[in-house]
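Everything numeric here is computed off the predicted structure, so don't read it as measured data.
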Amino acid sequence: MQDPEKLKKSWEFRRAYQKGNKYWNRYFVIYVLRNHFNRLRLGITVSKKVGKSVQRNRVKRLIRESFRELRTQVEVGYDIVVVGRTPACRLACQETQNALAQLFQKAAIFNGSRQRGGNWNEN
RNA sequence: UGGGUUGAAUAGAUAGUCGCGUCUUGAUCGGAAUUUACCAGUGAGAUGAGGAAAGUCUGGACUCCGUAGGGCAGGAUGCUCGGUAAACCCAAGGAGCGGUGACACUAUGGAAAGUGUAACAGAAAGUAGACUACAACAAUAAGGCGAUUUGUGGAACUAUGUAAACCUCAUCUGGAACAAGGUAAAUAGCGGACAAUGUAGAUGUGCCUGUCUCAUCCCCAGGUAACCGCUUGAGAUGGACGGUAACAUCCAUUCCAGAUGAAUGAUCAUCAUAUACAGAAUCCGGCUUAUUCUUAACUCAAGUC
RNA sequence: GCCCCCGUCGUCUAGCCUGGCCAAGGACACCGCCCUUUCACGGCGGCGACACGAGUUCAAAUCUCGUCGGGGGUA
């Protein structure tokens with residue numbers, strides 16, 4: 001994951017929280033917002049409520065690794081913020097990937113799901 | 001065999017594939033451009049968390065501020081002697097106390113410098129009545145060391161606990177804490193307060209004496225996270241030698257994370273089945289706490305010979 | 001990263017500095033009874049806490065140390 005594909009600034013996160021679409025399940029919350037860079041950018045948030053630094057780092061790594069696998073299937077031009085929730089620190093990698101894929105499916109940002117997803121969003 | 005005490009050591013290993021941080025290096029296109037340098041991507045190689053990285057409880061180093069010098073206050077430590085850069089650390093010995101024992105624990109000077117305080121119980125509670133012998137009298141319990149009456153003789157200032165109560169004695173002690181601090185770039189100032197040689201202000205830094213300045217200070221507004229500090233160090237490993245030990249000296253070898261929205265993960269195979277506590281953020285010495293596996297010495301109990 | 005502060009009934013607090021009278025007080029809440037046709041108000045009674053573990057002391061909510069938890073500050 002290269003530098004221009006990370007979200008870093010505090011205002012970038014705040015913009016995603018306020019203007020983005022929100023989807024969640026038991027393990028993660030994601031905020032999805034269209035951007036104008038024609039790039040896919042990822043931000044990760046894991047709060048102190050999740051656990052100590054080992055747990056938090058593990059969650060971040062799981063998200064990063066899963067996203068690496070999934071990114072080829074996702075359409076470019078979105079900012080995505082993933083928030084880890086407490087149960088996520090007990091997941092294995094494959095489960096993380098499934099959970100994230102489920103959320104991306106909901107958000108309808110996979111390649112080829114655009115038509116269907118657009119309608120879904122408007123509803 | 002079971003329990004206990006103390007110490008030592010380990011923190012999965014090997015191999016493959018994909019992915020990430022840093023460093024070195026090669027080539028090439030893109031930005032930029034007279035060229036180099038610079039920026040971004042890319043190939044190869046090297047390297048990449050801990051014994052506690054944690055808690056932030058301590059001792060220092062680096063850095064800045066302050067500082068002629070001194071006094072007072074405040075704070076810290078508290079048997080003796082050594083080790084160390086230093087220490088609320090470590091080692092050895094003494095004393096006290098706990099334990100059947102191995103062993104462990106101790107902020108371990110001073111109560112005859114002074115002050116305070118001693119609940120409940122008890123008729124009465126501490127600076128005098130309390131020492132001793134004999135005799136007399138009706139006298140016990142509670143209570144924390146200590147208990148009272150009378151007569152005679154003797155003795156002659158003896159006198160509880162508490163100083164992790166105030167205190168006293170000895171030794172030590174400036175403040176901040178890498179978000180310290182430095183370099184470069186960018187930028188915009190406006191308003192207010194206050195004075196005449198003893199006032200005012202500063203010195204963000206306990207107070208005073210003192211010192212310094214004679215223009216500064218305060219408020220509001222604006223602007224910025226680029227680089228350095230940043231890892232070669234009281235370093236690590238091995239050996240020799242001195243010392244009861246902590247530790248010291250000498251020699252040889254070696255370079256072992258350096259991020260900044262913050263790097264270690266995924267998958268598979270074998271060893272045998274498999275990993276607890278837990279993630280560097282300026283750097284070291286210690287303490288405390290969390291926790292996995294192995295092992296040694298000693299001790300207690302029971303049984304067998 | 002660095003530096004501080006705070007933990008007392010269900011909730012908000014007093015007591016801590018200066019140890020004993022603390023079997024820890026008060027308010028609201030909760031429970032029961034009385035009052036009322038009933039509810040509310042009012043009256044009476046009850047329930048209920050010193051974060052945890054050591055140490056000092058005859059005696060600790062209070063003093064000291066260590067853990068645990070919570071909160072704050074910091075260009």
Discussion item. Roughly how many Å apart are B:rA91 and B:rC247, using the C1' atom of each and rounding to a whole number?
Written reply: 9 Å
Discussion item. Whole angstroms only, please: what is the CD-P distance between A:Glu65 and B:rU267?
Written reply: 8 Å
Practice prompt. Between B:rG206 and B:rU171, how far apart are the C1' atoms? Round to whole Å, please.
Written response: 23 Å
Worksheet item: Is there side-chain contact between A:Thr45 and A:Val81, with at least one heavy-atom pair below 4.5 Å?
Response: yes
Worksheet item: Once you round it to whole Å, what is the distance between P of B:rC20 and CG of A:Leu42?
Response: 14 Å
Discussion item. Given the structure, check if the side chain of A:Arg61 and the base of B:rG279 hold any donor-acceptor pair shorter than 3.5 Å.
Written reply: yes
Item to complete: Just name whichever nucleotide pairs with B:rA118, Watson-Crick or G-U, keeping both distances under 3.5 Å, else none.
Response: B:rU160
Response to the item:
Under a 3.5 Å limit on both distances, the Watson-Crick or wobble mate of B:rC131 is B:rG154
Worksheet, complete the sentence: By ring-ring contact (aromatic ring centres under 6.0 Å, His included), A:Tyr31 pairs with (sequence neighbours left out) A:Tyr17
Discussion item. Checking contacts here: which listed nucleotide (B:rG279, B:rU264, B:rG19) is nearest the side-chain heavy atoms of A:Arg64?
Written reply: B:rU264
Item to complete: Rounded to the nearest angstrom, tell me the gap between atom CZ in A:Arg56 and atom P in B:rA281.
Response: 13 Å
Worksheet item: P atom, B:rU187 versus B:rG223: distance in rounded Å?
Response: 13 Å
Fill in: Listed partners of A:Thr96 passing side-chain hydrogen bond (donor to acceptor under 3.5 Å, both in side chains), at least two apart
none
Worksheet item: Do the side chains of A:Ile30 and A:Val83 get nearer than 4.5 Å, heavy atoms only?
Response: no
Item to complete: Scan every strand shown for a Watson-Crick or G-U wobble partner of B:rU264, both distances under 3.5 Å, and answer none if you come up empty.
Response: none
Worksheet, complete the sentence: Taking for A:Gln94 and for A:Thr45 the nucleotide of RNA chain B with the nearest heavy atom, the one nearer the 5' end belongs to A:Thr45
Item to complete: Not counting sequence neighbours, which residues clear side-chain hydrogen bond (donor to acceptor under 3.5 Å, both in side chains) with A:Gln97? List them please.
Response: none
Worksheet item: Taking CG from A:Asp79 and P from B:rG261, how many angstroms apart are they, rounded to a whole number?
Response: 17 Å
Worksheet item: When the distance from NZ of A:Lys60 to C1' of B:rA266 is rounded to whole Å, what number comes out?
Response: 18 Å
Practice prompt. Let me know the distance between CD of A:Glu69 and P of B:rU267, rounded to the nearest Å.
Written response: 10 Å
Worksheet entry | Residues which pass side chain to side chain contact (heavy atoms under 4.5 Å, CB included) with A:Asn57, listed by chain and number, not counting sequence neighbours | A:Lys60, A:Arg61
Practice prompt. Report the base-pairing partner of B:rA240 (Watson-Crick or G-U wobble, both distances below 3.5 angstrom), or none.
Written response: B:rU249
Discussion item. Could you identify the nucleotide paired to B:rA44, looking across every strand shown and requiring Watson-Crick or G-U wobble geometry with both distances under 3.5 Å?
Written reply: B:rU24
Worksheet item: Can B:rU231 be described as syn, meaning its chi torsion is within 90° of 0, or is it anti?
Response: syn
Practice prompt. Apply side-chain contact (heavy atoms from CB on, under 4.5 Å) to the pair A:Asp79 and A:Val32, showing each step before the final yes or no.
Written response: CA-CA 6 Å; A:Asp79 289 346; A:Val32 179; over 6 Å; no
Discussion item. Distance check, C1' atoms only: C:rU56 and C:rU62, in whole angstrom units.
Written reply: 14 Å
Practice prompt. For RNA chain C, list all stems, counting runs of three or more consecutive pairs where every pair is Watson-Crick or G-U wobble with both distances under 3.5 Å.
Written response: C:1-7 with C:68-74, C:10-13 with C:25-28, C:30-34 with C:42-46, C:51-55 with C:63-67
Worksheet entry | Nearest-angstrom distance, P atom, C:rG72 to B:rU56 | 15 Å
Discussion item. Distance check, rounded to the nearest 0.5 Å: A:Ile63 atom CD1 versus A:Ile80 atom CD1?
Written reply: 12.0 Å
Worksheet entry | Base partner of B:rA296, which must satisfy Watson-Crick or wobble distances under 3.5 Å | B:rU6
Response to the item:
Scanning all shown strands, the Watson-Crick or wobble mate of B:rA87 with both distances under 3.5 Å is none
Worksheet, complete the sentence: Applying side chain to side chain contact (heavy atoms under 4.5 Å, CB included) to A:Gln102 and not counting sequence neighbours gives A:Asn25
Discussion item. Without decimals, in angstroms, what is the distance between A:Gln55 CD and B:rG265 C1'?
Written reply: 16 Å
Worksheet item: Counting side-chain heavy atoms from CB outward, which of B:rC18, B:rG279, B:rA266 is closest to A:Arg58?
Response: B:rA266
Fill in: Chi class for C:rA61: syn within 90° of 0, otherwise anti
anti
Worksheet entry | Interatomic distance, A:Asn57 CG vs B:rG48 P [rounded to whole Å] | 20 Å
Worksheet item: Under a 90° cut-off about 0 for the syn range, is B:rG189 syn or anti?
Response: anti
Worksheet item: When rounded to the nearest Å, what value does the distance between P atoms of B:rA53 and B:rG286 take?
Response: 10 Å
Fill in: Whole-Å C1' distance, B:rA297 and B:rG285
30 Å
Response to the item:
Its glycosidic angle compared against 90° from 0, C:rC34 adopts the form anti
Worksheet item: Who is the Watson-Crick or G-U wobble partner of B:rA269, with both distances under 3.5 Å?
Response: B:rU14
Worksheet item: Taking the six-membered ring of A:Tyr78 as reference, does the NZ or CZ atom of A:Arg34 fall below 6.0 Å from its centre and within a 45° cone about the axis?
Response: yes
Worksheet item: Expressed as a whole number of Å, how far does the C1' atom of B:rG50 sit from that of B:rA280?
Response: 9 Å
